[in-house]
Each structure stands twice: as structure tokens, then as C-alpha cells.
Asks: 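Questions regarding the structure given below will be posed in turn.
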Amino acid sequence: MPQFKHAIVITGSIGSGKSAVCELLRDRGFEIIDADRISHCVLDRCAAQVAEIFGAQYVVQKDAQAENLDSHAEFGVSSGEKNSSMPCVSVDRKKLGELVFKNPAELAKLEALLHPKITAEILSQAQALEAKRRLYFVDIPLFFEGKRYEFFDKVAVVYAPKDTLISRVMKRNGLSYDAAKHRVELQTDIEQKRAMADFIIDNSGDLQNLRDETGSFLEKIA
């Protein structure tokens, strides 16, 4: 496996604030590989397979092709992946999420379909950024859960206590306490992630605190 000396993974748990940290890093001029964005594009490219595996009710017709065409322009060349779905079809992520979050077997099917393609795209983008010989970041929400990214050896965890994570997920996703708690507990416990991290970015406070924590993190790795 290739080694990426200029990469640092940004991870955490649902509700911990990884996206906010990555926005702060972008504001400072750093390049970010966004695994969630990649996964969304890959998911839509796999819409036909999603319909075959889970049912046609999990795909929807788009009003326009622009979003899909943008996805292909960004990811089509490096992934070497041909689109297997109609250009105007996308996956209903909310509906599919409701299915897989309640059913581990269905989640496993989805992961088997998507993760090899997502990993290949992350690798491709990392190789391109590595050639620049500058520090960059890789936003991988499920870094510890997936165990597919051993080629990245430096990891920063965006941390907040579990009760804070649950509260944020309730507010953001409009979920009940039990539903939000279930989402949080699907992932590796945040305290375990904190123990495995090379760097901690504490996001248990407000936005200004997060700005300060991100600045301190950058000073450590400079």
C-alpha cells in the first residue's frame, strides 16, 4: 500500500463537528479530500444497483442532470468507473438511510457495494495531492470503523462527549433521543477514538473555542 506522508485524517463521530473543522482548514488554504462527498457521488453512480438490491423505491428521478454531470466531471476520470445508472436517476439517501440504520444486514450490503469504489477514489485523490508535497487533510467519518485506510498513519479526532453528540444529532436530524443515541452508538465510541488519535481537536464548546482548538492543532503539526 502507498504511504501518504503529507496527509492527516480528520475523523470523529456523528455530531462531533468534523465538517466545521474542515471548513476552518479550507479557510486557511488547505486542501481537503471529502469522503462524504465522494460517497454521495459514488452512491448516485450506483443508483441502478441500489434499485436492484434494495428496491426501486430507493431511487428517484432528478429534475435536472446538472448535479450528476458535475459528479462525473469531478470523479469519472480518476475512478475509472463507468456510470451504471441513468443520468437523471439518484438515490433517495434519506429513505435508504432509514432502512440501513435499522438493519445491520442491509447496511452490510450497502457497504459492500460502495466502499471499494469510495476507497479507490480517496486513494486516487490522495496520490494527486501527495505529488504536491504539501500538507493536506482527508475527512473520513468512519476511519476507525472501516479499517480500510491503513495507508494513512496520522489521525486527528474531532472530539465532543457522547451526550453532546446525541444532543447535536437530535437537533440537526430532527430525531428523538433514542433514535439519535442509536445513530451515535452505531459508530465506535468517541472515547475509544480519542484514545487512538494522534491529535485531538476538542469541539465540546462554541465555535470560537473550535477556532482556537483548530489553530492549536495546526501549530502542533507545523
Side-chain angles (χ1 to χ4, degrees), residues 1-43 74-75 78 111 114-115 117-162 164-165 168-169 172-173 183-184 186-222:
M1 282 291 184
Q3 297 298 311
F4 299 100
K5 297 178 181 179
H6 298 89
I8 296 180
V9 169
I10 302 293
T11 193
S13 291
I14 183 172
S16 66
K18 300 177 300 296
S19 297
V21 169
C22 287
E23 281 304 309
L24 292 172
L25 294 171
R26 281 192 188 93
D27 290 344
R28 290 172 177 255
F30 292 102
E31 293 189 82
I32 311 287
I33 297 174
D34 187 337
D36 266 349
R37 178 171 170 76
I38 290 171
S39 68
H40 289 169
C41 294
V42 169
L43 182 61
E74 183 170 358
F75 298 119
S78 60
E111 290 175 343
L114 299 181
H115 283 164
K117 299 175 176 64
I118 294 168
T119 301
E121 183 60 45
I122 290 172
L123 275 171
S124 177
Q125 293 191 24
Q127 286 165 349
L129 289 180
E130 195 69 23
K132 298 182 179 182
R133 299 183 180 277
R134 292 176 52 210
L135 179 66
Y136 62 96
F137 298 94
V138 191
D139 179 1
I140 306 179
L142 299 179
F143 176 80
F144 290 116
E145 288 83 354
K147 302 189 185 302
R148 292 178 301 276
Y149 305 103
E150 292 85 355
F151 31 80
F152 297 118
D153 60 359
K154 289 177 284 189
V155 185
V157 165
V158 183
Y159 173 83
K162 183 177 178 180
T164 302
L165 300 178
R168 289 174 180 169
V169 173
R172 186 186 71 187
N173 295 69
R183 291 274 182 104
V184 170
L186 281 173
Q187 300 181 359
T188 301
D189 184 77
I190 189 64
E191 300 300 336
Q192 294 181 34
K193 291 182 178 183
R194 180 173 184 164
M196 292 186 284
D198 299 296
F199 308 98
I200 306 295
I201 302 172
D202 192 296
N203 188 28
S204 53
D206 59 15
L207 182 58
Q208 184 56 51
N209 177 76
L210 183 60
R211 289 194 186 100
D212 294 341
E213 281 285 315
T214 303
S216 296
F217 161 64
L218 289 172
E219 289 176 3
K220 291 176 185 174
I221 62 178

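Count residues from 1 along the sequence.
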Asks: Ignoring hydrogens and geometry, is there a side-chain-to-backbone donor-acceptor pair from Thr214 to Val21 under 3.5 Å?
Replies: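 Here the side-chain-to-backbone pair does not exist.
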
Asks: Rounded to the nearest 0.5 Å, how far does CG of Leu24 lie from OG of Ser19?
Replies: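 Reported to 0.5 Å precision, the distance equals 11.0 Å.
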
Asks: Quick one: does Val138's side chain get under 4.5 Å of Tyr149's, heavy atoms only?
Replies: no

Asks: Do Arg183 and Asn173 make a side-chain contact, defined as non-hydrogen atoms from C-beta onward lying under 4.5 Å apart?
Replies: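 Arg183 reaches Asn173 side chain to side chain.
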
Asks: Salt bridge (Lys or Arg N to Asp or Glu O under 4.0 Å): which pairs involve residues 198-211, sequence neighbours left out?
Replies: none

Asks: List for me each residue that meets salt bridge (Lys or Arg N to Asp or Glu O under 4.0 Å) alongside Glu191, sequence neighbours excluded, and say none if there are none.
Replies: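 Salt bridge (Lys or Arg N to Asp or Glu O under 4.0 Å) list for Glu191, sorted by chain: empty.
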
Asks: My understanding is that only residues two or more places apart in sequence, or in another chain, count here; which of them pass salt bridge (Lys or Arg N to Asp or Glu O under 4.0 Å) with Glu145?
Replies: Lys193

Asks: With sequence neighbours left out, write down each residue that passes side chain to side chain donor-acceptor pair (under 3.5 Å) with Asp212, or none if nothing qualifies.
Replies: Gln208

Asks: Just jot down the side-chain contact (heavy atoms from CB on, under 4.5 Å) partners of Arg28, sequence neighbours excluded, or say none.
Replies: Phe30, Leu218

Asks: Evaluate the side-chain proximity of His115 to Ile118: yes if any heavy-atom separation is below 4.5 Å, no if none is.
Replies: yes

Asks: How about Arg134: does its CZ atom have over 12 heavy atoms from other parts shown lying under 6.0 Å from it?
Replies: no

Asks: Could you check whether any side-chain N or O of Ser124 sits under 3.5 Å from a backbone N or O of Glu121, counting only pairs where one atom can act as donor and the other as acceptor?
Replies: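 Here the side-chain-to-backbone pair does not exist.
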
Asks: Let me confirm one number: the CD-NZ distance from Glu130 to Lys5, rounded to the nearest 0.5 Å.
Replies: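 If I round to the nearest 0.5 Å, the distance is 8.5 Å.
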
Asks: Can you list everything that forms a side-chain contact (heavy atoms from CB on, under 4.5 Å) with Arg172? Sequence neighbours excluded, please.
Replies: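 Arg172: side-chain contact (heavy atoms from CB on, under 4.5 Å) contacts with Ile14.
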
Asks: Using a 3.5 Å distance criterion without hydrogens, assess whether the side chain of Thr11 forms a donor-acceptor pair with backbone atoms of Pro141.
Replies: yes

Asks: Taking all non-hydrogen atoms of both residues, which atom of Gly12 and which atom of Val157 are closest, and how far apart?
Replies: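 So the minimum-distance heavy-atom pair works out to CA-CG1, 4.3 Å.
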
Asks: So Glu213 and Asn203, side-chain contact (heavy atoms from CB on, under 4.5 Å) or not? Walk me through it.
Replies: CA-CA 8 Å; Glu213 281 285 315; Asn203 188 28; over 6 Å; no

Asks: Hey, what do you get for OH (Tyr136) to CD1 (Ile8), rounding to the nearest 0.5 Å?
Replies: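 Reported value, rounded in 0.5 Å steps: 10.5 Å.
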
Asks: I need the Lys117 NZ to Cys41 SG distance, nearest 0.5 Å.
Replies: 14.5 Å

Asks: So if I apply the side-chain contact (heavy atoms from CB on, under 4.5 Å) rule between Ile38 and each of Leu43, Asp139, Thr119, Ile122, which one comes out positive?
Replies: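 Single pass found, and it is Ile122.
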
Asks: Would you indicate whether the side-chain heavy atoms of Met196 and Val155 approach each other to under 4.5 Å?
Replies: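 Sidechains of Met196 and Val155: no contact.
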
Asks: Could you go step by step and tell me if Ile33 and Ile140 meet the side-chain contact (heavy atoms from CB on, under 4.5 Å) rule?
Replies: CA-CA 8 Å; Ile33 297 174; Ile140 306 179; over 6 Å; no

Asks: Does Glu111 have any side chain to side chain donor-acceptor pair (under 3.5 Å) partners at least two apart in sequence or in another chain, and if so, which?
Replies: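 Glu111: no side chain to side chain donor-acceptor pair (under 3.5 Å) contacts found.
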
Asks: Can you tell me how far NZ of Lys18 sits from CG of Asp34, rounded to the nearest 0.5 angstrom?
Replies: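 Result: 10.5 Å between the selected atoms.
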
Asks: Check side-chain contact (heavy atoms from CB on, under 4.5 Å) between Lys132 and all other residues, then give those that pass, not counting sequence neighbours.
Replies: Glu31, Leu129

Asks: Please name all residues satisfying side-chain contact (heavy atoms from CB on, under 4.5 Å) with Ala160, sequence neighbours left out, ordered by chain then number.
Replies: Thr164, Leu165, Arg168

Asks: When you compare the side chain of Cys22 with that of Ile10, does any pair of heavy atoms fall below 4.5 Å?
Replies: yes

Asks: Report the residues that fulfil ring-ring contact (aromatic ring centres under 6.0 Å, His included) with Phe199, sequence neighbours left out, ordered by chain and then residue number.
Replies: Phe217

Asks: Taking salt bridge (Lys or Arg N to Asp or Glu O under 4.0 Å) as the test, write out the residues that go with Lys154, two or more places apart.
Replies: none

Asks: Side chain of Gln187, backbone of Leu142: donor and acceptor closer than 3.5 Å?
Replies: no

Asks: Excluding sequence neighbours, so at least two apart, what forms side chain to side chain donor-acceptor pair (under 3.5 Å) with Lys220?
Replies: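 For Lys220 there are no side chain to side chain donor-acceptor pair (under 3.5 Å) partners, ignoring immediate neighbours.
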
